[in-house]
Amino acid sequence: TKWLNSSLLIVATMIFFSCKISSKLEVKPPLDMKQQPNIVVIYLDDLGYGDLSCYGATEINTPNIDALADGGVRFTSGYATSATCTPSRYALLTGVYPWRNKNAKILPGDAPLLIDTEQQTLPKLLSKAGYQTAIIGKWHLGLGSGNVNWNETIKPSPNEVGFDESYILAATQDRVPTVYIENGHVVGLDKNDPIEVDYKKNFEGEPTAISNPEMLTMKWHHGHNNSIVNGIPRIGYMKGGNDAKWSDVDMADHFLKKAQDYVKNHKRNPFFLYYAMQQPHVPRTPHPRFVGKSGMGPRGDVILEADWCIGEFMKTLKEEGLLENTLIVFSSDNGPVLNDGYFDEAVEKLGKHDPKGGLRGGKYSLFEAGTRVPFITYWKGRITPNVSDAIVCQIDLLASLGNLVNRDEKSTDSENLMNTFLGESNKGRDNLIIEANSHTALRSGDWIMIPPYKGEVINKNVGNETGNSLEYKLYNLKIDVGQKHNLAKENPQKLKELMVVFENLKQ
Ligand code: NG6
Ligand code: CA
């Protein structure tokens with residue numbers, strides 16, 4: 001015991017002195033349960049790097065998101081893993097690169113759950129650290145285990161992969177079923193009017209965009225010519241569930257209210273809220289009070305609507321006294337697209353606005369605009385406002401937030417960048433693999449290397465460059481962020497170096 005006593009004394013002295021040193025350096029003490037901040041991930045759908053005034057847009061004004069950027073860290077090299085929704089969301093929630101899962105592609109509305117219920121997820125991890133967890137908004141990671149019966153409890157759902165509560169749209173706003181699902185139950189379903197969904201064939205006698213074009217209030221450009229809901233033709237066929245169908249123009253207000261209520265009802269203990277907004281994905285259906293407000297047609301109008309929602313949501317955090325105890329992460333699941341299948345004047349009314357913000361490509365593209373997206377962290381009173389050029393990715397939230405709540409997570413793909421997210425370090429990733437249409441490329445330091453891929457060079461319906469070509473491409477993003485000069489031939493050494501790094505990382 002003598003030995004024990006003296007070692008205790010030594011330890012106590014060390015703690016005493018290290019506390020003194022830390023207070024001098026103003027290192028924050030480790031968080032205990034009471035200090036665990038609420039965590040809110042606000043995730044937009046198809047918002048481009050150049051779509052916000054805080055990212056340089058001059059033709060559109062997004063004051064509420066700008067306020068997050070002005071008071072937080074605005075990342076200039078913040079990435080989604082992928083140039084489409086499902087794989088990006090998979091990486092965000094699991095911390096695993098989506099190209100490791102061959103099914104991580106844009107999913108139809110009746111696809112089975114993509115995340116294994118045994119897999120580690122961000123909400124599970126936070127749940128173990130004592131958090132209450134919820135998703136409100138777009139899911140698009142599949143539901144059930146094949147052949148979902150929409151009229152019974154839908155399982156597995158977000159509730160089986162770590163969310164205590166879920167209030168979701170199953171896939172996308174343009175895919176059936178066009179209903180909200182709360183904790184595995186279709187909201188407002190009349191048992192006498194059961195829902196049926198089919199992605200291959202129509203239900204006899206049900207109107208489609210082809211059979212009944214006179215019913216349409218929005219015209220389809222490519223795809224999107226199956227069932228009609230609220231005058232909008234969708235992807236996939238649906239029958240029944242009339243009372244349960246959502247109102248498109250009220251969707252933003254609806255999710256906002258749910259998010260606000262969630263905060264109000266869960267404020268006593270730490271919560272994790274994944275607020276997955278549907279804008280500016282197609283069909284773009286602004287509430288009438290935003291119609292015409294951007295001068296850019298519905299795509300601009302719904303960006304203004306989303307910005308307004310975020311302002312209202314922030315007001316709620318403030319009113320509830322939670323602003324100084326809440327970390328907000330703001331980002332988008334992939335880059336911008338104008339014509340994604342409907343005639344909605346996104347191209348015609350664009351004017352001088354550049355949703356890509358000077359980058360090349362867009363949604364579906366391996367070029368930068370596919371995956372480099374707005375990325376902001378905000379925590380009032382904790383984060384010192386800053387602009388960071390560190391390479392960060394949504395896949396890193398798992399390890400980073402794990403670290404924040406004192407649950408260090410061993411992960412192959414997710415890196416702990418918590419200090420960088422808090423603006424206390426400018427050290428980002430050395431390497432990142434990005435993905436579009438199951439093709440991958442390597443960002444490494446200032447460089448990006450895109451291997452040769454067969455396939456269309458331009459997504460012809462949409463008009464975005466895919467990044468496919470028969471040659472290796474190598475760009476130095478520091479001097480050529482617009483990816484105009486392929487240096488693969490000029491700099492074979494660098495190319496070789498990156499090819500080796502890439503092969504090793506893809507093991
Ligand atoms: C595409 C759709 C597009 C959009 C996208 C998913 C067609 C022709 N195009 O297949 O409109 O829904 O899938 O977007 O159907 S994402 O942001 O959810 O990945
Ligand atoms: Ca998307």
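For ligands, and for the atoms within them, numbers begin at 1 and follow the listed sequence.
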For the pair [X] and [Y], find out whether any cationic side-chain nitrogen is under 4.0 Å from an anionic carboxylate oxygen.
| X | Y | result |
| --- | --- | --- |
| D354 | K356 | yes |
| D248 | R234 | yes |
| R100 | D413 | yes |
| D333 | K363 | no |
| D396 | R429 | yes |
| D51 | R299 | yes |
| R89 | D45 | yes |

For [Y] together with [X], are the ring centres under 6.0 Å from each other?
| X | Y | result |
| --- | --- | --- |
| H221 | F343 | yes |
| Y79 | F375 | no |
| Y167 | H254 | yes |

Nearest to [atom], what protein heavy atom do you find, and at what distance?
| atom | value |
| --- | --- |
| atom 15 (O) of ligand 1 | I235 CD1, 3.3 Å |
| atom 8 (C) of ligand 1 | H222 CD2, 3.4 Å |
| atom 13 (O) of ligand 1 | R175 NH2, 3.0 Å |
| atom 16 (S) of ligand 1 | C85 CB, 3.2 Å |
| atom 5 (C) of ligand 1 | Y364 OH, 3.4 Å |
| atom 11 (O) of ligand 1 | D340 O, 2.8 Å |
| atom 9 (N) of ligand 1 | H224 CE1, 3.8 Å |
| atom 14 (O) of ligand 1 | K363 NZ, 2.7 Å |

Proximal atoms of ligand 1 relative to [X] (non-hydrogen, under 4.0 Å):
| X | result |
| --- | --- |
| T84 | 19 (O) |
| T172 | 18 (O) |
| H140 | 18 (O) |
| D174 | 3 (C), 4 (C), 11 (O), 12 (O) |
| N334 | 17 (O) |
| D45 | 17 (O) |

Around the Ca ion (ligand 2), how many protein N, O or S atoms are there at under 3.0 Å?
->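 Under the 3.0 Å cut-off, the count stands at 5.
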Any G341 heavy atom less than 4.0 Å from ligand 1 =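 Not so, G341 does not reach ligand 1.
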How would you list, by chain and number, every residue that makes a side chain to side chain contact (heavy atoms under 4.5 Å, CB included) with H185, sequence neighbours excluded?
->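 Counting only residues at least two positions away or on another chain, H185 forms a side chain to side chain contact (heavy atoms under 4.5 Å, CB included) with T153.
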Set of residues satisfying side chain to side chain contact (heavy atoms under 4.5 Å, CB included) with respect to A441, sequence neighbours excluded |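 Only L366, I434, I450, P451 meet the side chain to side chain contact (heavy atoms under 4.5 Å, CB included) criterion with A441.
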Per-residue contact class, K138 against ligand 1 - non-hydrogen pairs under 4.0 Å =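 Only the side chain of K138 comes within reach of ligand 1.
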Looking at residues at least two apart in the chain, or sitting in another chain, which of them share a ring-ring contact (aromatic ring centres under 6.0 Å, His included) with H287?
->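 Residues passing ring-ring contact (aromatic ring centres under 6.0 Å, His included) with H287: none at all.
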Please assess N202 against T208 for the test side-chain hydrogen bond (donor to acceptor under 3.5 Å, both in side chains), listing each intermediate value before the final yes or no.
-> CA-CA 8 Å; N202 191 21; T208 70; 5.2 Å; no
